[in-house]
Asks: 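What follows is a structure written as structure tokens; I'll ask about it next.
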Amino acid sequence: MAENETVDKAAAAAASGPVTPVAPVTPTTAAATTAVMAVTSSSQLAAHQAGGGLSGEARRVKTLNAAILAHLHKIYDAHAKAHQWHADGTATFLRDIQHDGDIEVARELVLCKEKDWDFNSFLHYITLPTTNALAHPPDQDRDYSWSLSNYFISSSHNTYLTGNQLSSSSSASAYKNVLLRGGRCIEIDVWDGDESESDTSISSSDEEAAAAAAAAHQPDVYDKRKKRVTKVKKKIPTALLGKMALGEKLEQKLVKKLENYAEKKKPEPKKPHGSEPPTSPTPPATAPAPAPALAPAPVAEAPVAATPAADPRSHAGKKASISSSHSSHSSTRRALSFKEPRVLHGHTLTKEVSFRDVCVAVRKYGFVASDLPVIVSLEVHCCTEQQEAMVAIMEQEWVGHLLPEPKEDAQRLPAPGDLRGKILVKVKYTPPDGAKASRETPTPPGGASDGDEARPLPTTGTSPPGAGAASSAKKPAKKASKVIQALSKLGIYTRGVSFKSLAQPEATMPTHIFSLSENSVLEVHEKTPRELFNHNRHFLMRTYPSGLRIRSSNLDPAVFWRKGIQVVALNWQNWDGGMMLNEGMFAGTGGYVLKPEGYRTDKKSAALPPPAASETAPQATAVKHYTMDLTVEVLAAQSLPLPPGDRKAHSFHPYVKVEVHVEEPGERAGQPTKSSVPADGKEKEGEYKARTKAPQRGVDPDFASQPPLRFDHVPGVVPALSFVRFLVRDDEYGRDSLAAWACVRLDRLRDGYRFVHLLDAQGMETEAVLLVRIAKKLSPVV
């Protein structure tokens, strides 16, 4: 193997004379790497970006620099006899220093082929993909035979957004990115495709409407646009702008943007939505598959991808099929009001993407990184007619991936291993008989849907008490409309139910799923920790970031995993500590991780019993807790990436910071844990942290002679729910920019001399590594 030869040549050079770097990374090399990455396709980038488990892939250290070779020579010499390791000495090193198990020792001895190890054999061992600091996922992590409620699921919040929650664009490529990175639960917020007054979001379809109206001599579209802009301006609360820490400057910028938008007369050409390039329209199919008569074809809408005319999933064929039953609606204005549903963040400045484009992206990329089921969390803000369009589009685009309608309601959740290649639709549940139940409604300002965050209402200092109520009385809100049966029936194992309490009747329905904001979860945990924990042993729950996280910052997912919540949705469009922990949890898995034993139900149970308060202990005693002593000695690093925006390696002054993320005192007892949730835009540090000094400048630092980083007597540790983060930062005044990082779940952190593979500040795969020595001791709490 070529890379083996590189390492072997390095060993030979080190043994025969002065130690020299092997393919060292220089500023020129780093710049060339950046240039190559700039032209890499989005698919390749997504496949090499972390967030959902990339760091778990087997990777070998291909080259070694001078500093690392020197450290490895010292390690080898310290355990060698007559410049060689005999078989018994090698086994002793692997067991006593590396703490490898018998099976690992046997495998490693076979891989290195030689009974007696010289320095080349040692280098071969230490650079193997199977011997780095991150151990393979335990067998239980790859056991997909338990019911869905027994797994943590890698999940995305507001997946369609490419940036902040207020003014960024929506794109089908965002779904492609998340799915290729290992996400298994995505979110789609769906709104009517027309220009209804109930939707006050500014979107790219307004330019199209203006163009069509101008062609049809309909000047009133501009008056309508100004009215809608006025509404949006009123819906941007000062409190939200303050949360962004940008003050009046941002407010003025947003208002100016709205005013310019309202006055614009000449529409800009529409850019195609989604990640695929525009293609020429496909000729109408001669015999398209029948589809419900829902709405006229979208006006001037480019297809996602060219497909054969005879294909029943042909975009043109679908449009022809849907529009054929509505040929009587010939006017331009009528056609504009029946465009296909769209996806965007309602009541904000975010741009839209078509619902169909999103569905196509899910079909194309949903099962590339993993064949385990994809959960699609729908937030429905559509009228009845548009919901029918949603159903038709999903049935057309997801043929073969949707579950068949069951003959009777499930009494137990299935296992993810039995749902490979399937799409599970999470949507608000509407009982067939119209009984009293939660309803999905078009979200009014300040309202919420399926537990999603309420949009804050605008407030002014001049409004008298009760003014809001009086205004509502004068202009009553639109009547709520439920999710139609055809759409609700798609939610077979993931039926969304609005949360009222853990004692509500739906809380024992096997297929229900509650969605609660991060703060709501903490309030429930504070009041009823036992009931919350028991619910999540048996049933599904989802949590998501607060609506005030405008800049797409993230909650601390470990806090919510420790409460047994399966679906902890994060903003994948942002890089912070929350996404790093998500990477640590799901590294090398298919996006599903089996919960620790005390967090699970009885696998052998034929039926799912309702949870009882006395059935099991809550978070405090459900699993074993340990007191941990951890020592991390950082020896050297190589090929470190520069912080974003930096170009000169000689100005880079790196140091390594290690953080340990474990339970905070009082969390298990149900005490308030709001302090464990980071404020918007501020990354939450680990509960325990230590750092090295910055030894010298450059991308290949040597940390020789620095004392080890120690974490003594850390209490309340659950290895499967605790994490260690390695952060490489630039030692600069007032900034300390992040350059590289790794996050390892504690139960997968190996002892001994190990390489830690690093990702850059944007989560991209690099050749950078740290050479460390790790010593970990876990003492059970009696």
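By convention here, the first residue in the shown sequence is residue 1.
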Asks: Under 3.5 Å, side chain of Arg748 to main-chain N/O of Ala587, donor-acceptor pair present?
Replies: yes

Asks: Could you check if a side-chain atom of Tyr151 sits within less than 4.5 angstrom of a side-chain atom of Pro416, using non-hydrogen atoms only?
Replies: yes

Asks: Any salt bridge linking Glu518 with Arg549? Criterion: basic side-chain nitrogen under 4.0 Å from a carboxylate oxygen.
Replies: yes

Asks: So among Asn519, Leu522, Val568, which one has a side chain to side chain contact (heavy atoms under 4.5 Å, CB included) with Thr543?
Replies: Val568

Asks: Quiz question: by atom type and distance under 3.5 Å, do the side chains of Arg184 and Ser154 form a donor-acceptor pair?
Replies: no

Asks: Does the pair Glu765/Arg59 count as a salt bridge with the N-to-O cut at 4.0 Å?
Replies: yes

Asks: Less than 4.5 Å apart, any side-chain heavy atom of Met579 and any of Asn554?
Replies: yes

Asks: Quick one: does Ser722's side chain have a donor or acceptor within less than 3.5 Å of a partner on Val717's backbone?
Replies: no

Asks: Determine whether His757 and Val61 make a side-chain contact, defined as any pair of heavy atoms from C-beta on separated by less than 4.5 Å.
Replies: yes

Asks: Can you tell me how far apart CG (Leu778) and CG (Leu746) are? Round to the nearest 0.5 Å.
Replies: 6.0 Å

Asks: Thr601 and Asn150: side-chain donor and acceptor closer than 3.5 Å?
Replies: yes

Asks: Apply ring pair (Phe, Tyr, Trp, His ring centres under 6.0 Å) to the pair Tyr592 and Phe586, showing each step before the final yes or no.
Replies: CA-CA 7 Å; Tyr592 284 74; Phe586 295 101; 8.4 Å; no

Asks: If I compare all heavy atoms of Val190 with all of Pro341, which pair ends up nearest, and what's the gap?
Replies: CG1-CB, 3.6 Å

Asks: At their closest point, which heavy atom of Ser552 faces which heavy atom of Asn571, and how far apart are they?
Replies: O-CB, 3.4 Å

Asks: Between Leu758 and Glu767, does the side chain to side chain contact (heavy atoms under 4.5 Å, CB included) criterion hold? Intermediate values first, please.
Replies: CA-CA 7 Å; Leu758 299 173; Glu767 295 299 325; over 6 Å; no

Asks: At what distance, to the nearest 0.5 angstrom, does CZ of Arg542 lie from CD1 of Ile513?
Replies: 7.5 Å

Asks: Can you tell if the side chain of Leu721 reaches within under 4.5 Å of the side chain of Met585, non-hydrogen atoms only?
Replies: yes

Asks: Hey, are Asp143 and Ser145 close enough side-chain-wise for a donor-acceptor pair under 3.5 Å?
Replies: yes

Asks: Check whether Trp146 forms a cation-pi arrangement with Arg600 (NZ or CZ under 6.0 Å from the six-membered ring centre, at most 45° off the ring normal).
Replies: yes

Asks: For Phe755, is there any backbone N or O sitting under 3.5 Å from a side-chain donor or acceptor partner on Asn132?
Replies: no

Asks: So that I can tick it off, tell me whether Arg754 and Asp100 are bridged by a salt bridge, with the cut-off set at under 4.0 angstrom between side-chain N and carboxylate O.
Replies: yes

Asks: In sequence, state the C-alpha distance, the side-chain angles, and the governing distance for Phe367 and His401, and then conclude on ring pair (Phe, Tyr, Trp, His ring centres under 6.0 Å).
Replies: CA-CA 10 Å; Phe367 303 101; His401 295 296; 5.1 Å; yes

Asks: Given His99 and Arg750, is the side chain to side chain donor-acceptor pair (under 3.5 Å) satisfied, shown in steps?
Replies: CA-CA 8 Å; His99 290 181; Arg750 282 178 160 153; over 6 Å; no

Asks: Can any side-chain N or O of His625 pair as donor or acceptor with the backbone N or O of Val623 at less than 3.5 Å?
Replies: yes

Asks: Could you tell me the separation between the CD1 atom of Ile565 and the CG atom of Leu532, rounded to the nearest 0.5 Å?
Replies: 6.0 Å

Asks: Ring pair (Phe, Tyr, Trp, His ring centres under 6.0 Å), that's the test. Do His512 and Phe514 meet it? Break it down for me.
Replies: CA-CA 7 Å; His512 83 275; Phe514 287 139; 4.6 Å; yes

Asks: Could you grab the distance from atom OH of Tyr144 to atom CG of Asp371, nearest 0.5 Å is fine?
Replies: 9.0 Å

Asks: Quick one: list whatever passes side-chain contact (heavy atoms from CB on, under 4.5 Å) with Ile484, sequence neighbours left out.
Replies: Thr384, Gln387, Glu388, Ala486, Leu487

Asks: Can you tell me if Thr494 uses its side chain to pair, donor with acceptor, with the backbone of Val425 under 3.5 Å?
Replies: yes

Asks: Sequence neighbours excluded, which residues qualify as side-chain contact (heavy atoms from CB on, under 4.5 Å) partners of Ala415?
Replies: Asp418

Asks: Ion pair present between Asp409 and Arg495, side-chain N to carboxylate O less than 4.0 angstrom?
Replies: yes

Asks: When you measure from the side chain of Trp572 to the backbone of Val178, do you find a donor-acceptor pair of N or O atoms at a distance under 3.5 Å?
Replies: no

Asks: Less than 4.5 Å apart, side chain to side chain, heavy atoms only: is that true for Met394 and Val376?
Replies: no

Asks: For the pair Glu187 (side chain) and Asn158 (backbone), establish whether a donor and an acceptor sit closer than 3.5 Å, ignoring hydrogens and angles.
Replies: yes

Asks: How long is the span from the CE atom in Met628 to the OG atom in Ser779, to the nearest 0.5 Å?
Replies: 11.0 Å

Asks: Going by atom types only, do Ser149 and Lys595 share a side-chain donor-acceptor pair under 3.5 Å?
Replies: no

Asks: Less than 4.0 angstrom from a charged side-chain N to a carboxylate O is my criterion; do Arg181 and Glu583 meet it?
Replies: no

Asks: Between Asn582 and Gly51 (side chain of the first, backbone of the second, donor and acceptor by atom type, cut-off under 3.5 Å), is there such a pair?
Replies: yes

Asks: Return yes if some donor-acceptor pair links the side-chain N/O of Gln566 with the main-chain N/O of Asn536 below 3.5 Å, else return no.
Replies: yes

Asks: Does one side chain, of Gln98 or Asp751, offer a donor that lies under 3.5 Å from an acceptor on the other?
Replies: no

Asks: Say you draw a straight line from CG of Asn177 to OG of Ser156; how long is it, rounded to the nearest 0.5 Å?
Replies: 9.0 Å

Asks: Which of parallel (below 30°), tilted (30 to 60°) and perpendicular (above 60°) describes Phe723 and Trp561?
Replies: tilted

